[in-house]
Amino acid sequence: MKYQNIVIAVDGSEAAEKAFQKAIKIAKNNDARLVIAHVIDSRTFATAEAYDRTLSERAEEYAKELLDNYIETARNEGLTDLVRCIEYGSPKVKVPRDIAENFKADLIVCGATGMNAVERFLIGSVSESITRHAKCDVLVIR
């Protein structure tokens, strides 16, 4: 089986970087489209934004810069079929349901741990939730 549409979920963490490197290799080996996705977790700044209206703007700027860097790296590795995707909401929901379905993903790649250790401890990891809710293959990179 060859993968055609691979979604890589990135958040700027070291785990996401490792997952991204693996996704590049898989995309090259399968001649697949690579969808580089970042979900701005709007819940984390919703309350604070009442005091600082620029938080969502800064989060979006960070996401754009982050994806620009990933796109540049993927192009330098020889990939040409690249898509950038920025969404707002919960990564646990957006990645396996909305993003994967919108891009007809047959593989989702993600890091084993992301940036939010407190949330992971309290309600479970994003990668665990993606694995549970995805309708396609999921590769979790340690």
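Owing to the predicted nature of the structure, the values given are computational and were not obtained by experimental measurement. Side chains are part of it too, since the values below use all heavy atoms of this structure and drop only hydrogens, waters and symmetry mates.
- Side-chain contact check for K94 versus Y88: every heavy-atom pair is 4.5 Å or farther apart.
- Nearest heavy atoms, L82 versus R75: CD1-CG, 3.6 Å.
- No side-chain heavy atom of D137 sits less than 4.5 Å from a side-chain heavy atom of L139.
- Contact between A100 and V7 at its shortest, heavy atoms only, is CA-CG2, 4.4 Å.
- Across all non-hydrogen atoms, the minimal contact from A37 to I99 is CB-CD1, 3.9 Å.
- Annotation: side chain of I86 is in contact with side chain of I40 (closest heavy-atom distance under 4.5 Å).
- In this structure, G89 and V39 approach most closely via the heavy-atom pair O-CG1, 3.4 Å.
- Clustering ILVMFWY residues whenever any of their side-chain heavy atoms sit less than 4.5 angstrom apart, transitively, puts F103 in a cluster other than the one holding V93.
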Q. Given D31 and D81, is the side-chain contact (heavy atoms from CB on, under 4.5 Å) satisfied, shown in steps?
A. CA-CA 9 Å; D31 196 27; D81 195 356; over 6 Å; no

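- Among all heavy-atom pairs drawn from S127 and A112, the shortest one is OG-O, 3.1 Å.
- In this structure a side-chain-to-backbone donor-acceptor pair under 3.5 Å is present from H38 to V10.
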Name each donor-acceptor pair under 3.5 Å that joins a side chain in residues 19-28 to protein atoms two or more places apart or in another chain, with its distance.
unit_1 : atom_1 : unit_2 : atom_2 : d
Q21    : NE2    : E17    : OE2    : 2.9
K28    : NZ     : E77    : O      : 2.9

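- Within the 3.5 Å criterion, the main-chain N or O of R33 finds no donor-acceptor partner in the side chain of N5.
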Q.
Between E60 and K64, does the salt bridge (charged side-chain N to carboxylate O under 4.0 Å, His left out) criterion hold? Intermediate values first, please.
A. CA-CA 6 Å; E60 191 165 334; K64 287 178 182 176; 3.6 Å; yes

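- Note that the CD atom of Q4 and the CG atom of L107 stand 12.0 Å from one another [nearest 0.5 Å].
- Counting heavy atoms from C-beta outward, I36 and L66 have side chains that stay 4.5 Å or more apart.
- Y3 and N30 make their closest contact through N-OD1, 3.0 Å (heavy atoms, listed as atom of the first residue, atom of the second, distance).
- To the nearest 0.5 Å, atom CG of residue L79 and atom OG1 of residue T73 are 10.5 Å apart.
- A salt bridge links D68 to R84: one of the charged nitrogens lies within less than 4.0 Å of a carboxylate oxygen.
- In this structure, CD1 on I8 lies 10.0 Å from CD1 on I108, to the nearest 0.5 angstrom.
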